[in-house]
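All remarks here apply to the structure that follows.
What's counted below: heavy atoms across the whole structure, side chains too, no hydrogens, waters or symmetry copies. We number each residue from 1, following the sequence as shown. Note that ligands are numbered from 1 as they come in the structure, with each ligand's atoms numbered from 1 the same way.
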Amino acid sequence: MKAGEKKMKMWCVSPLLSLFVLHLEANSGLKVRITQRGLNYGKEVGMKILQQEIKEKGFPDRNGTQTFLFGTVDYRVSRIQITSISIHNTSVVLVPENRIVVAVRDASARVSTHWTLNNWLLDYHGKAEISILGISVTATINMSQNNRGYLLMLVPDCRMSIGGIKVQLSGRGSWYYDMFFQYLEKTIQRKLQNRVCLSIKFRIQKMAAALKKLQATSQIDSFAQIDYSLTKPPEVFRSYIELDFKASVYPIRNHTELLFMTVPFSLPDNNDNMMYFGISEYFLKSLSLSYYTVGASKIHFSEEHSSSFNLTTEALSRIIPEIAQHYTESHLVRTSVVVTAAPTVWLQNNSLTVKIPCFVEVSALLLNQTMQPIFALNISAITNATVAITEQRLIGSLQLKRLQLSLTYSNIGSFQVSFLKNLLACFLHNTVILPINDVLKRGFHLPNMARIAFLGPAIKLNQGYILITTDVSYKY
Ligand SMILES: *[C@@H]1O[C@H](CO)[C@@H](O)[C@H](O)[C@H]1NC(C)=O
Ligand SMILES: *[C@@H]1O[C@H](CO)[C@@H](O)[C@H](O)[C@H]1NC(C)=O
Ligand SMILES: *[C@@H]1O[C@H](CO)[C@@H](O)[C@H](O)[C@H]1NC(C)=O
Ligand SMILES: *[C@@H]1O[C@H](CO)[C@@H](O)[C@H](O)[C@H]1NC(C)=O
Ligand SMILES: *[C@@H]1O[C@H](CO)[C@@H](O)[C@H](O)[C@H]1NC(C)=O
Ligand SMILES: *[C@@H]1O[C@H](CO)[C@@H](O)[C@H](O)[C@H]1NC(C)=O
Ligand SMILES: *[C@@H]1O[C@H](CO)[C@@H](O)[C@H](O)[C@H]1NC(C)=O
Ligand SMILES: *[C@@H]1O[C@H](CO)[C@@H](O)[C@H](O)[C@H]1NC(C)=O
Ligand SMILES: *[C@@H]1O[C@H](CO)[C@@H](O)[C@H](O)[C@H]1NC(C)=O
């Protein structure tokens, strides 16, 4: 093989290689980052919920028969009620690659209960106040994804230790109470341990289920749906967690993979807010493509609409004198527009540009009701989009900035196309931009849990993605 040939081969192979690499890096339409600050807030909320839950659920009565040194007694502990819990020292620590460790240190709780002890010899009952001190809990949450791209959160490890239990009895006391309560202490310790860890697991499960539901319910409206599967397992870094969602929009009942790729992006290294959302060009492109697929023919200009302009060949000949040469009598003019391809979208620093390719045909309505085409144009309507956040929805609106015109055919010879710009801008605004804005005004829900509201969200257009930074607040 000659050197030149070899070089040639390399030239052919390297684009293939780069294609391959591109495919390994899956498109991500939405990145969500939860920072340490966000997790700290989440932890505070979680502790309050957990505390409430443990308190409300209480414990079931316990009874049984226990053999002590002095003999066998039947006991019953009832109306076990946690009267207070005090938690002051908690932490949430991120452990790369996929773990979060939540810890509670030196918490305490007070429990009140009624008790009875009896056998053939004795029959006592009373109340007890139990203080549980030095409670420490450490729960490890493992983040991963299942094969359908749903977020999984498991609690592989939950440990609890208790520094000490103090029992204050009311009722008549005797030496065997001590023995009984030593037994009781162990039981309470075991029970509490199970209860707290079960509650934590239950909470995490519930949260994971809610997230799963969020990922699965993806319908935007009667035309389109979003695929919110994860493109890679959740990533845990030292100071934040990042989730990469596909966030690809599909026409409803047509979940076909999109063939285009977009440049991967990363969120800025700023972790002051609780949450960061990055919405990429990929999302916007898939949105454009699917709405084009389902609604392309819908942006067909209706005849009635056209007549509201009451454009005539006579009026039009004031802009294009060539018309007068072909139409001596005045005829009504009908204009039709078709969007010919999915609008293209690109995001740059501080601007989101949407280019809508249109085909516009201008015809004269003859006296015998026949439409006679006068000329047709290919038009690129270039718009500037404004985006905003309201109530966890991303909303948008397009403003027409300029038109690129090219004459497709003309039955009146060549003429100065640019004279039509103002007229066409007005026409396209009413026929194409307004209907699109109606869709964008309804907006798109950002994935978020119930009861969580954005607090002071800010939006910024960056190269390749829309950045939303926000704090959150939980509605109890
Ligand atoms: C515990 O109490 C229940 C009803 O309150 C009773 O059916 C059961 O026999 C008791 N068990 C013992 C071991 O005393
Ligand atoms: C919380 O617990 C940790 C570990 O035991 C300890 O270092 C820290 O001082 C405690 N903080 C407070 C406010 O008690
Ligand atoms: C945590 O998740 C990872 C990834 O799914 C898994 O490989 C690992 O075994 C899990 N660890 C535990 C302790 O469950
Ligand atoms: C499904 O969607 C893709 C891309 O959005 C489109 O190219 C294709 O024509 C659609 N198929 C049907 C049956 O609508
Ligand atoms: C358009 O012309 C029709 C008659 O041809 C008239 O009834 C209608 O009011 C006119 N509309 C406008 C908006 O001028
Ligand atoms: C966009 O802004 C970022 C950060 O401000 C900057 O690094 C980047 O070079 C800018 N890109 C362009 C194309 O101006
Ligand atoms: C309508 O009139 C035009 C021009 O006068 C003529 O070319 C066309 O054939 C007519 N169409 C019908 C359906 O009569
Ligand atoms: C596009 O819109 C944004 C936001 O409204 C604005 O800041 C920017 O100047 C506009 N760009 C152009 C080219 O009009
Ligand atoms: C007009 O657009 C169509 C695609 O919609 C394209 O095939 C055609 O070449 C364009 N014509 C001109 C003159 O730009």
Side-chain angles (χ1 to χ4, degrees), residues 31 33 262-273 276-281 284 288-289 291-293 295-301 303 312-314 320 323-385 387 402-421 424 427-428 431-432 436 458-469:
K31 269 184 206 285
R33 177 184 293 179
T262 53
V263 182
F265 70 101
S266 44
L267 297 175
D269 279 336
N270 188 339
N271 294 321
D272 296 341
N273 283 93
Y276 290 75
F277 292 83
I279 300 164
S280 78
E281 258 176 23
L284 299 172
S288 164
L289 184 61
Y291 273 89
Y292 171 72
T293 308
S297 57
K298 294 213 174 67
I299 306 180
H300 231 298
F301 191 36
E303 290 296 315
T312 59
T313 48
E314 192 194 346
I320 308 163
I323 287 183
Q325 293 159 22
H326 291 80
Y327 295 91
T328 43
E329 292 169 60
S330 188
H331 296 279
L332 277 175
V333 168
R334 290 283 182 260
T335 312
S336 75
V337 56
V338 184
V339 174
T340 53
T344 51
V345 177
W346 66 98
L347 269 158
Q348 283 155 310
N349 286 347
N350 302 317
S351 88
L352 168 51
T353 309
V354 180
K355 190 164 147 185
I356 310 164
C358 307
F359 177 73
V360 171
E361 198 167 33
V362 177
S363 311
L365 185 65
L366 301 184
L367 289 173
N368 62 11
Q369 298 301 307
T370 308
M371 297 268 257
Q372 189 175 66
I374 309 174
F375 59 86
L377 298 152
N378 275 4
I379 304 178
S380 279
I382 296 157
T383 65
N384 184 26
V387 287
R402 65 198 159 88
L403 298 179
Q404 290 170 341
L405 309 178
S406 71
L407 198 59
T408 317
Y409 69 78
S410 167
N411 292 333
I412 53 168
S414 66
F415 61 91
Q416 191 65 35
V417 175
S418 61
F419 290 163
L420 284 169
K421 270 191 179 167
L424 288 169
F427 172 69
L428 289 175
T431 56
V432 178
I436 292 177
I459 196 160
K460 193 169 178 297
L461 301 176
N462 282 358
Q463 189 80 34
Y465 69 101
I466 301 172
L467 176 68
I468 298 163
T469 57

**Message:** Which heavy atom of S330 sits nearest to which heavy atom of T312, and what is that distance?
**Reply:** OG-CB, 3.4 Å
**Request:** Could you check atom 13 (C) of ligand 9 against the protein and tell me its nearest heavy-atom contact, residue, atom and distance included?
**Result:** L407 O, 3.7 Å
**Prompt:** Is the closest protein non-hydrogen atom to atom 1 (C) of ligand 9 under 4.0 Å?
**Reply:** yes
**Prompt:** Where is the tightest heavy-atom contact between L267 and Y276, given as atom of each residue plus distance?
**Reply:** CD1-CB, 4.1 Å
**Item:** Check: L284 main-chain N/O paired with S288 side-chain donor or acceptor under 3.5 Å
**Value:** no
**Fill in**
Taking only non-hydrogen atoms of T340 and a 4.0 Å limit, the atoms of ligand 9 in range are 5 (O)
**Prompt:** With respect to atom 11 (N) of ligand 6, which of N349, N462, N350 exhibits the smallest heavy-atom separation?
**Reply:** N349
**Message:** Students should be able to answer this: which protein heavy-atom is nearest to atom 4 (C) of ligand 7, and at what distance?
**Reply:** L366 CD1, 3.9 Å
**Request:** Looking only at distances, please establish whether an N/O atom of ligand 9 is found under 3.5 Å from an N/O atom of N378.
**Result:** yes
**Prompt:** Which atom names give the shortest non-hydrogen contact between G278 and Y465, and what distance separates them?
**Reply:** CA-CD1, 4.1 Å
**Item:** Heavy-atom closest contact (L461 atom, L352 atom, distance)
**Value:** CD1-N, 3.7 Å
**Message:** Closer than 4.0 Å to some heavy atom of T370 - which atoms of ligand 7 meet that?
**Reply:** 1 (C), 10 (C), 11 (N), 12 (C), 13 (C)
**Asked** What are the two closest non-hydrogen atoms of V432 and C358, and how far apart are they?
**Response** CG2-SG, 4.4 Å
**Message:** Strictly less than 4.0 Å: does any protein heavy-atom distance to atom 9 (O) of ligand 6 fall in that range?
**Reply:** no
**Request:** Would you name the heavy atoms of L347 and N462 that are closest together and state the gap between them?
**Result:** CB-O, 3.7 Å
**Message:** How far is atom 14 (O) of ligand 7 from the closest protein heavy atom, and which atom is that?
**Reply:** N368 ND2, 3.1 Å
**Request:** Keeping the roles fixed (side chain from S410, backbone from F375), state whether a donor-acceptor pair exists under 3.5 Å.
**Result:** no
**Atoms of ligand 6, numbered as shown, that sit under 4.0 Å from any heavy atom of Q463** = 11 (N), 12 (C), 13 (C)
**Message:** With heavy-atom distances below 4.0 Å as the criterion, list the atoms of ligand 9 near S406.
**Reply:** 12 (C), 14 (O)
